[in-house]
Amino acid sequence: MTAPLPAPFSLRSYQTQDLPALVALFQASVSQLTTQHYDAAQRQAWAPATADMPAWQARLASLELLIAEDDQAIAGFIGFSLDGHIDLLFTAPGHACQGVAATLYAAAEQRLRAAGARELFTEASLTARPFFARQGFSEEQAQTVTRGAVTLQRFAMRKILEPR
Ligand SMILES: CC(C)(COP(=O)(O)OP(=O)(O)OC[C@H]1O[C@@H](n2cnc3c(N)ncnc32)[C@H](O)[C@@H]1OP(=O)(O)O)[C@@H](O)C(=O)NCCC(=O)NCCS
């Protein structure tokens with residue numbers, strides 16, 4: 001059996017008019033792709049149905065962002081800062097397990113290497129933990145985040161960038 005060919009995604013940078021689409025993708029991704037690891041109350045606390053758009057606008061403006069899209073829609077996005085922090089990585093439910101996150105991550109790592117980063121770090125959800133392990137990240141510490149009355153588990157993970 002042969003592996004399916006990767007779908008043709010292109011990458012581009014963020015424009016302010018992408019804000020509603022990225023927030024909607026984030027909400028759909030959390031609500032549908034993390035059900036194995038987080039219950040409904042945890043998913044709702046992580047991605048409330050009514051998003052704080054000014055807070056999102058400020059957060060996205062503070063990050064470097066790459067967007068993956070096909071000819072129809074945005075398939076995923078990654079947000080990072082040049083100190084090596086991977087802050088956001090979300091794939092649209094309809095595009096899960098097609099290599100979108102891997103493509104976005106590879107481009108972000110390339111950008112961060114070019115900017116001089118020596119190590120990358122993130123706070124990975126339980127859902128994203130195997131993905132980041134696959135990209136060469138090691139677990140540093142389990143963390144518990146409190147959102148209102150709800151707690152969520154995640155893992156601080158780090159990758160040392162070896163010179164190429
Ligand atoms: C984690 C996430 C970004 C992965 O996105 P994706 O586009 O489906 O990932 P890819 O198709 O690029 O997968 C690459 C690798 O990740 C791993 N992976 C992806 N989805 C996985 C899953 N559900 N369970 C276990 N491993 C998974 C696999 O090892 C895969 O390797 P393979 O191609 O050899 O099979 C996606 O599931 C997501 O958006 N999750 C919800 C939000 C979230 O947790 N974001 C991270 C916040 S820190």
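Order of appearance sets the numbers: ligands from 1, and atoms from 1 within every ligand.
The ligand atoms of ligand 1 that sit less than 4.0 angstrom from a heavy atom of A102 are 12 (O). Residue T91 has at least one heavy-atom neighbour below 4.0 Å for each of these atoms of ligand 1: 3 (C), 5 (O), 6 (P), 7 (O), 39 (O). Set against the non-hydrogen atoms of Q98, the atoms of ligand 1 under 4.0 Å away are 11 (O).
Residue contacts with ligand 1 leave out F9, since none of its heavy atoms falls under 4.0 Å from the ligand. Ligand 1 does not have G76 within reach: every non-hydrogen atom of the residue lies 4.0 Å or more from it.
R43 forms no cation-pi arrangement with Y38, by the criterion of a distance under 6.0 Å to the ring centre and an angle within 45° of the ring axis.
Counting heavy atoms of neighbouring residues, nucleotides and ligands inside a 6.0 Å radius, atom CZ of R118 does not exceed 12 of them. The 12-atom threshold is exceeded at CD of Q17, counting heavy atoms of other residues, nucleotides or ligands nearer than 6.0 Å. For Q15, the CD atom sits in a packed shell: over 12 heavy atoms of surrounding residues, nucleotides or ligands are nearer than 6.0 Å.
Of the residues L25, L89, L63, the one that meets the side-chain contact (heavy atoms from CB on, under 4.5 Å) test with F77 is L25. The side-chain contact (heavy atoms from CB on, under 4.5 Å) test with F80 is passed by exactly one of L65, L66, T122: L66.
Between the side chain of T34 and the backbone N or O of H37, no donor-acceptor pair lies under 3.5 Å. Panel note: side chain Q42, backbone T151; a donor-acceptor pair is recorded below 3.5 Å.
The two atoms that bring A115 and L82 nearest to each other are CB-CD2, 4.0 Å, heavy atoms only. Of all the heavy atoms in F131 and A102, the pair that sits closest is CE1-N, 3.5 Å.
Note that atom 21 (C) of ligand 1 has no protein non-hydrogen atoms nearby, at separations under 4.0 angstrom. Within 4.0 Å of atom 4 (C) of ligand 1, at least one protein heavy atom is present. Protein heavy atoms all stay at least 4.0 Å away from atom 30 (C) of ligand 1. When distances from atom 42 (C) of ligand 1 to the protein are checked, a heavy atom turns up under 4.0 Å. Protein heavy atoms are found less than 4.0 angstrom from atom 15 (C) of ligand 1. Within a 4.0 Å radius of atom 35 (O) of ligand 1, the protein has no heavy atom. Counting only heavy atoms, the protein never gets under 4.0 Å from atom 18 (N) of ligand 1.
When ring centroids are compared, F121 and F132 stay outside the 6.0 Å threshold.
Of the protein's non-hydrogen atoms, the one nearest atom 33 (O) of ligand 1 is R134 NH2, 4.9 Å. The protein atom (non-hydrogen) at minimum distance from atom 13 (O) of ligand 1 is F131 CD1, 4.0 Å. For atom 9 (O) of ligand 1, the closest heavy atom belonging to the protein is A101 CB, 3.5 Å. Ranking the protein heavy atoms by distance from atom 25 (C) of ligand 1 puts P130 CG, 3.6 Å first. Scanning all protein heavy atoms for the shortest distance to atom 44 (O) of ligand 1 gives S125 OG, 2.6 Å.
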Chi angles and distances behind the salt bridge (Lys or Arg N to Asp or Glu O under 4.0 Å) call for K159, E119
CA-CA 6 Å; K159 175 178 179 175; E119 56 181 26; over 6 Å; no

Worked verdict on D52 versus R59 for salt bridge (Lys or Arg N to Asp or Glu O under 4.0 Å):
CA-CA 11 Å; D52 181 344; R59 186 171 182 187; over 6 Å; no

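Side-chain contact of T144 with Q153: a donor-acceptor pair under 3.5 Å is present, judged by distance alone.
Ranked by closest heavy atom to atom 48 (S) of ligand 1, the top entry among Q135, R43, M157, E123 is E123. The nearest non-hydrogen atom to atom 8 (O) of ligand 1, considering only A124, C97, A92, comes from C97.
Polar contact check, S29 against ligand 1: a nitrogen or oxygen pair lies under 3.5 Å apart. Residue-to-ligand polar distances place L89 within reach of ligand 1: an N/O pair is separated by less than 3.5 Å. Considering both main-chain and side-chain atoms, G99 comes within under 3.5 Å of ligand 1 through a nitrogen or oxygen pair.
Residue contacts with ligand 1 for T34 involve side-chain atoms from C-beta outward but no N, CA, C or O (heavy atoms, distance under 4.0 Å). Only side-chain heavy atoms of W46 come within less than 4.0 Å of ligand 1; its backbone N, CA, C and O stay farther off.
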